[in-house]
There are 6 protein chains.
Amino acid sequence: MSYRIAEMTWPQFAARKNKPVIVPIGSTEQHSQHLPLSTDAIIADRISLDLAKALDGMVMPTLSYGYKSKPLSGGGPLFPGTIDMNGTTVINQMHDILHELIDDGFTKIVVMNAHFENEAFIVEAIDLVTRETGGKATIVESNWWDPLPEEVNRQVFDGIEFPGWALEHAAVTETSLLLHYAPELVHMDRVVFTGNAEAKPYVRYPVRQGDVPDYGGLADPRGATAERGKLIADACVAEMTRICEREFGE
Amino acid sequence: MSYRIAEMTWPQFAARKNKPVIVPIGSTEQHSQHLPLSTDAIIADRISLDLAKALDGMVMPTLSYGYKSKPLSGGGPLFPGTIDMNGTTVINQMHDILHELIDDGFTKIVVMNAHFENEAFIVEAIDLVTRETGGKATIVESNWWDPLPEEVNRQVFDGIEFPGWALEHAAVTETSLLLHYAPELVHMDRVVFTGNAEAKPYVRYPVRQGDVPDYGGLADPRGATAERGKLIADACVAEMTRICEREFGE
Amino acid sequence: MSYRIAEMTWPQFAARKNKPVIVPIGSTEQHSQHLPLSTDAIIADRISLDLAKALDGMVMPTLSYGYKSKPLSGGGPLFPGTIDMNGTTVINQMHDILHELIDDGFTKIVVMNAHFENEAFIVEAIDLVTRETGGKATIVESNWWDPLPEEVNRQVFDGIEFPGWALEHAAVTETSLLLHYAPELVHMDRVVFTGNAEAKPYVRYPVRQGDVPDYGGLADPRGATAERGKLIADACVAEMTRICEREFGE
Amino acid sequence: MSYRIAEMTWPQFAARKNKPVIVPIGSTEQHSQHLPLSTDAIIADRISLDLAKALDGMVMPTLSYGYKSKPLSGGGPLFPGTIDMNGTTVINQMHDILHELIDDGFTKIVVMNAHFENEAFIVEAIDLVTRETGGKATIVESNWWDPLPEEVNRQVFDGIEFPGWALEHAAVTETSLLLHYAPELVHMDRVVFTGNAEAKPYVRYPVRQGDVPDYGGLADPRGATAERGKLIADACVAEMTRICEREFGE
Amino acid sequence: MSYRIAEMTWPQFAARKNKPVIVPIGSTEQHSQHLPLSTDAIIADRISLDLAKALDGMVMPTLSYGYKSKPLSGGGPLFPGTIDMNGTTVINQMHDILHELIDDGFTKIVVMNAHFENEAFIVEAIDLVTRETGGKATIVESNWWDPLPEEVNRQVFDGIEFPGWALEHAAVTETSLLLHYAPELVHMDRVVFTGNAEAKPYVRYPVRQGDVPDYGGLADPRGATAERGKLIADACVAEMTRICEREFGE
Amino acid sequence: MSYRIAEMTWPQFAARKNKPVIVPIGSTEQHSQHLPLSTDAIIADRISLDLAKALDGMVMPTLSYGYKSKPLSGGGPLFPGTIDMNGTTVINQMHDILHELIDDGFTKIVVMNAHFENEAFIVEAIDLVTRETGGKATIVESNWWDPLPEEVNRQVFDGIEFPGWALEHAAVTETSLLLHYAPELVHMDRVVFTGNAEAKPYVRYPVRQGDVPDYGGLADPRGATAERGKLIADACVAEMTRICEREFGE
């Protein structure tokens with residue numbers, strides 16, 4: 001049987017109300033010269049599917065559009081193909097889905113995020129839904145980078161430089177995850193790298209051409225391998241499984 | 001090359017600004033005992049992909065969640081797995097995507113809808129965006145049923161009863177489209193049919209158990225075949241191609 | 001005694017809490033050369049009044065402004081005098097009125113719509129209010145065309161062509177209803193008709209001059225008579241009475 | 001010819017773009033034992049019609065629902081038949097209408113209010129529309145009480161007590177206006193008066209039974225006459241005419 | 001101990017849940033040549049502090065930004081330094097604060113307003129919160145001018161002209177209050193006065209240069225003294241204390 | 001002359017349109033047993049004032065209420081005195097202020113944040129305003145922690161443990177800043193510390209008692225000194241001055 005609710009009939013779904021259900025959210029956003037626009041959506045979807053298997057849970061259809069890409073963490077709004085949703089849209093989109101799941105009787109919900117900029121807005125949605133439904137469901141929200149144990153980070157960057165999470169856009173971790181999950185969409189032969197971007201301690205608007213290097217990357221992706229991707233994915237799933245077991249009982 | 005922008009890098013997308021871009025929207029909604037919850041999303045996605053090929057255009061990631069399912073046209077809100085978004089959420093979701101495409105310089109946009117209840121809300125989004133952007137882009141909105149020539153309808157229902165579009169939920173047309181596009185997700189062995197639902201000329205709230213037959217279908221899907229599905233899909237794509245050529249010019 | 005709550009004092013209204021209360025909604029919209037801008041509002045108001053008499057109910061003040069007029073079903077936004085409300089305004093306007101009626105203790109509510117484009121937005125309002133009030137009230141929504149029995153349609157168009165509901169804007173049915181209800185506002189001597197508009201199976205934005213014939217009509221109104229108007233009105237009221245009796249109980 | 005756009009065809013309306021157009025707004029609200037629920041809407045409508053004649057202008061369909069009734073100025077929310085709209089609904093309703101009039105090319109607009117509580121919300125709508133449209137139209141907003149010259153006030157209350165505007169709800173002025181405009185809806189035989197309500201210098205929530213005398217009135221309506229109503233109406237129209245001439249130019 | 005919750009630790013605040021808590025709201029708005037932009041915020045803050053002492057209550061941090069300044073009552077939007085919030089922002093800002101106080105268990109709340117234009121929007125917030133929380137808290141809203149006894153008004157304007165409340169912007173009362181509370185911010189040497197502004201009985205948009213005298217005042221502030229300020233402040237606090245004792249009970 | 005626009009008259013403000021203007025935003029939030037509820041607001045206000053002096057700019061009135069406090073970064077919503085605003089309120093509050101400043105002609109704006117949870121929502125406001133105003137103004141947003149050079153961090157935590165920024169709530173940095181700016185509000189004798197809180201790599205709702213230690217702190221504040229506070233404040237102001245000079249030009 002599939003773990004994707006997209007592929008289930010409603011009676012199959014209804015029969016599994018006591019299982020965890022995972023809502024993946026990514027983005028449609030420039031990812032330099034070598035990664036596809038749906039990089040974040042693909043990662044969110046595939047890690048959620050792995051987690052569904054580990055938890056004997058289910059994965060919802062992935063939200064493919066997310067909050068506005070920012071120059072430092074996501075490459076910025078000036079590249080065609082970066083489709084930025086307003087904050088209230090991101091909040092309401094997640095709100096309505098969570099509310100419906102809770103109305104349907106689900107009480108163990110995971111939101112799996114793969115686009116840093118989404119975070120505050122999806123947590124706002126979780127907060128609003130929790131108030132409205134009297135806290136009936138336990139909702140866990142995380143992403144693929146925060147749960148990684150320090151030890152795993154070290155392994156991933158063993159022999160290569162870690163430029164800091166702020167620059168990890170279309171760089172080693174995301175490229176590795178895509179080499180692991182969807183290697184046919186990765187074009188290592190098109191990689192461009194002209195030096196690490198600078199991690200500025202502030203935001204300045206309007207965003208201008210040049211705030212991000214014109215090819216779209218922030219750090220060097222050349223150390224990426226499918227093995228490193230698998231390392232990240234497996235560690236994330238393992239940690240999230242532990243977290244869910246703790247928070248959902250059993 | 002893929003026609004899916006999900007699989008393109010941003011330079012590939014940017015290089016095709018003068019091409020039509022298609023935004024598919026479906027729903028996550030009960031589709032009786034034999035079709036999956038993402039039936040509408042799958043149809044929107046696949047017809048859009050066929051249309052992208054015909055137009056040498058591009059297809060955006062599919063919006064998998066839509067407006068509230070209604071008893072007559074969609075099976076209703078009382079079945080688990082029907083994930084109903086509020087009207088303003090559907091409006092804003094589509095609004096933000098269209099606005100970004102237009103800001104990116106696209107001027108030929110198609111919205112392909114596969115969930116009847118979405119219609120008014122996505123057209124509201126199109127109206128708002130058109131006002132805000134001064135009508136810079138031409139936006140065509142349709143679905144897979146309205147463009148079907150009468151002649152094709154007759155062929156599809158040749159030898160079987162046409163219960164009216166209001167009852168065509170999880171019935172011959174949708175089941176045929178899925179047999180054409182994703183036969184592995186269709187369970188003809190689980191089909192239930194207990195007689196056509198009644199097409200009421202009014203709406204009554206609150207919706208109650210029994211407003212829709214408890215298995216979730218409204219009409220008989222047993223005449224569905226992959227050939228009928230292909231007939232519908234091909235006719236829709238052919239008509240939409242003609243419409244786009246007329247509206248977008250050479 | 002009047003059936004209009006506009007003309008009642010509050011104790012008169014309060015004394016009739018167990019009666020059905022009807023909320024009429026129309027529009028302010030171009031209706032070709034021979035019908036007034038309030039055609040929809042007048043029809044909504046007068047059919048509601050007839051229905052109130054039949055049900056021994058009450059009719060609320062008519063909402064005279066509605067959702068955006070569309071080229072095919074309503075003549076479009078480019079004619080002066082078409083006053084288009086945004087979707088969220090139409091939702092909230094209806095929402096607040098229904099919520100107040102339910103807070104006042106009314107449990108049998110009818111929404112009578114005479115402007116096709118309003119439909120999705122007023123049903124959204126009904127859905128939201130029903131959720132917020134726990135389904136305390138039974139709300140029936142319809143219009144004057146959907147409940148017409150096929151037999152009545154045939155009588156109305158006996159001897160004249162039925163161009164399809166999509167073109168019935170300022171044509172035989174609406175003109176007949178106004179000849180029945182407010183003949184002093186109908187100018188049959190100014191009728192213009194240059195052939196049926198084409199019912200397009202898609203929407204295209206921006207709306208352009210010429211999407212609707214420049215005089216504002218979509219089909220031939222010359223077969224309209226007060227008798228045909230009475231036929232429609234009486235049949236609609238009779239059907240709605242049956243529907244209300246079924247849905248509201250004794 | 002009628003001054004009501006409700007009764008005009010669109011070409012009649014379009015031909016008068018350089019004339020002032022008046023948007024009346026009232027409320028649906030308890031008005032003690034002797035006045036109908038639409039008292040404010042009727043006054044707004046009829047004074048606007050008189051003003052349209054004086055200005056050779058036009059009057060739009062009246063907005064029959066307004067902002068929440070308050071204990072001191074309007075009798076409060078606890079009486080059945082008081083239909084309170086939320087503030088944002090009142091803002092958006094007026095906003096959309098004004099925006100459409102300006103888009104249609106009208107530049108001389110009057111908003112005539114007959115429900116005190118509406119004031120701040122309709123002025124907010126005017127402010128928003130003015131910003132959005134770059135101040136293309138001149139919009140005058142007033143009501144029937146503020147423009148009354150002191151001399152006229154004295155005449156109206158000649159020989160009877162003036163309890164202050166805060167208590168003039170269903171009292172001398174409103175009752176007189178209705179005796180002037182719609183005497184068939186006034187029930188002087190049902191008048192109740194048990195002494196002036198107290199004009200409190202603060203607001204307290206929640207509103208409680210007893211904040212307003214249980215019959216619904218705040219002051220003595222027994223001095224009302226049709227002549228006093230005519231005096232008010234004529235003076236208001238005369239003043240508003242002067243104001244419009246000054247603000248709209250020749 | 002301080003009466004300002006800004007200066008309390010949370011256990012100090014939590015220990016006083018049965019005490020009245022006061023939410024001051026002012027504005028940032030031009031106040032002619034001699035008063036600072038925060039005049040309203042300072043008055044709201046300081047009168048609230050005095051009231052907190054009188055009630056043994058607490059004062060919340062002052063909301064320094066309010067609703068749009070209008071020409072007649074506040075000097076208008078065309079002066080730099082007048083920071084106008086939209087109506088919905090003012091509603092939501094107050095709504096969220098009140099809702100949190102009620103969730104924290106407070107049941108005696110006072111909103112003290114010092115900017116006339118805020119009034120309708122903060123009362124809307126109070127209404128919404130009261131509905132949402134089932135009326136759990138008693139909320140009193142007023143300002144520093146409405147509760148003043150007639151006798152005190154006469155004393156304040158003893159020997160000087162009272163131009164009417166509509167013109168009391170940056171005039172005798174506000175200047176006196178600031179001379180009482182923050183004399184170091186008053187520049188009597190810079191006072192400009194060129195005659196009383198005219199109190200127009202209507203609103204006209206767009207606001208134009210000249211709707212308010214170009215120096216920013218509406219009436220003569222030269223009679224202002226710290227003693228008059230103290231008279232107003234003491235009377236307001238005394239009245240509000242009586243009101244709170246009546247409404248909050250022992 | 002004061003650097004606070006609260007204390008300026010409008011002509012003083014208007015005369016300085018070419019200067020940077022700083023908008024401080026904090027929160028009202030529990031800060032353990034020894035710090036006041038307005039800790040964040042005080043820090044935002046005072047660092048902004050120091051920065052205004054350094055830039056010869058101006059500081060706006062501080063926004064004292066911010067976004068919802070979260071367990072890890074701010075102590076959580078379950079403590080009385082934590083006043084949580086909804087995300088859209090925080091967005092709109094900042095939006096309106098920025099929009100007005102830009103309308104008034106200011107083109108150099110700094111938003112100084114002292115409450116981590118505000119960040120995403122105020123940047124959303126900046127993004128929206130920038131789009132609406134065509135990028136007329138340069139807006140820099142930061143806080144007091146991100147611009148601190150690594151070297152300064154080391155000095156601040158010289159000899160004491162740095163628990164990570166996630167736990168720096170009511171701990172060494174905030175306590176030091178308050179000892180520097182407002183020592184009279186710090187109660188070192190009431191400090192409680194029972195061990196560092198755990199920095200969880202995920203969010204779980206509903207928030208529960210115990211997610212934060214019941215006294216409200218996350219890490220040890222006992223190393224706080226006024227000198228450390230001055231070190232942080234001076235370094236932040238120095239860095240922000242450099243940033244503003246770069247971004248605003250000469």
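Since the structure is predicted, the reported quantities are computational estimates derived from the model, not experimental observations. In the text below, chain A, chain B and the rest are named by the order of the sequence lines, each starting its count at 1.
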With side chain to side chain contact (heavy atoms under 4.5 Å, CB included) as the test, would you mind laying out the steps for F/Trp10 and E/Gln33 before giving the verdict? CA-CA 7 Å; F/Trp10 75 261; E/Gln33 304 285 311; 3.7 Å; yes
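At least one side-chain heavy atom of E/Met60 sits less than 4.5 Å from a side-chain heavy atom of F/Ile83. The closest side-chain heavy-atom distance from E/Pro80 to F/Lys17 is below 4.5 Å. Looking at E/His31 and F/Thr9, their side chains never come closer than 4.5 Å, going by heavy atoms from C-beta outward.
For F/His34, the part lying near chain E is the backbone, with the side chain staying farther off; criterion is any non-hydrogen pair under 4.5 Å. Interface remark: E/Glu184 contributes no atoms to any contact with chain F (heavy atom separation under 4.5 Å). Only the side chain of E/Leu185 comes within less than 4.5 Å of a heavy atom in chain F; its backbone stays farther off. In this structure, chain F has no heavy atom under 4.5 Å from any part of E/Phe106. Residue contact with chain F, scored on non-hydrogen atoms closer than 4.5 Å, involves the backbone of E/Ser32 exclusively. No part of F/Arg4 comes within reach of chain E, as not one of its non-hydrogen atoms sits under 4.5 angstrom from that chain.
Atom CE of E/Met85 sits about 11.0 Å away from atom NE2 of F/His95, to the nearest 0.5 Å.
Atom CZ of F/Phe116 has 12 or fewer heavy atoms from other residues, nucleotides or ligands within 6.0 Å.
No other option in F/Thr88, F/Leu101, F/Asn86, F/Leu37 has as many heavy-atom pairs under 4.5 Å with chain E as F/Leu37. Interface summary for chain E: among F/Thr39, F/Asp103, F/Leu35, F/Ile42, the most heavy-atom pairs under 4.5 angstrom belong to F/Leu35. In terms of non-hydrogen atom pairs under 4.5 Å with chain F, the most contact-rich of E/Pro11, E/Ala6, E/Ser2 is E/Ala6.
Looking at E/Tyr65, its side chain never comes within 3.5 Å of a backbone N or O of F/Leu63 through a donor-acceptor pair. With hydrogens and angles disregarded, no donor-acceptor distance shorter than 3.5 Å links the side chain of E/Asp84 to the backbone of F/Glu100. Proximity of a side-chain donor or acceptor of E/Asn92 to a complementary backbone N or O of F/Thr89 within less than 3.5 Å is not detected.
A pairwise comparison of heavy atoms in F/Thr62 and E/Ser64 identifies O-OG, 4.4 Å as the closest pair.
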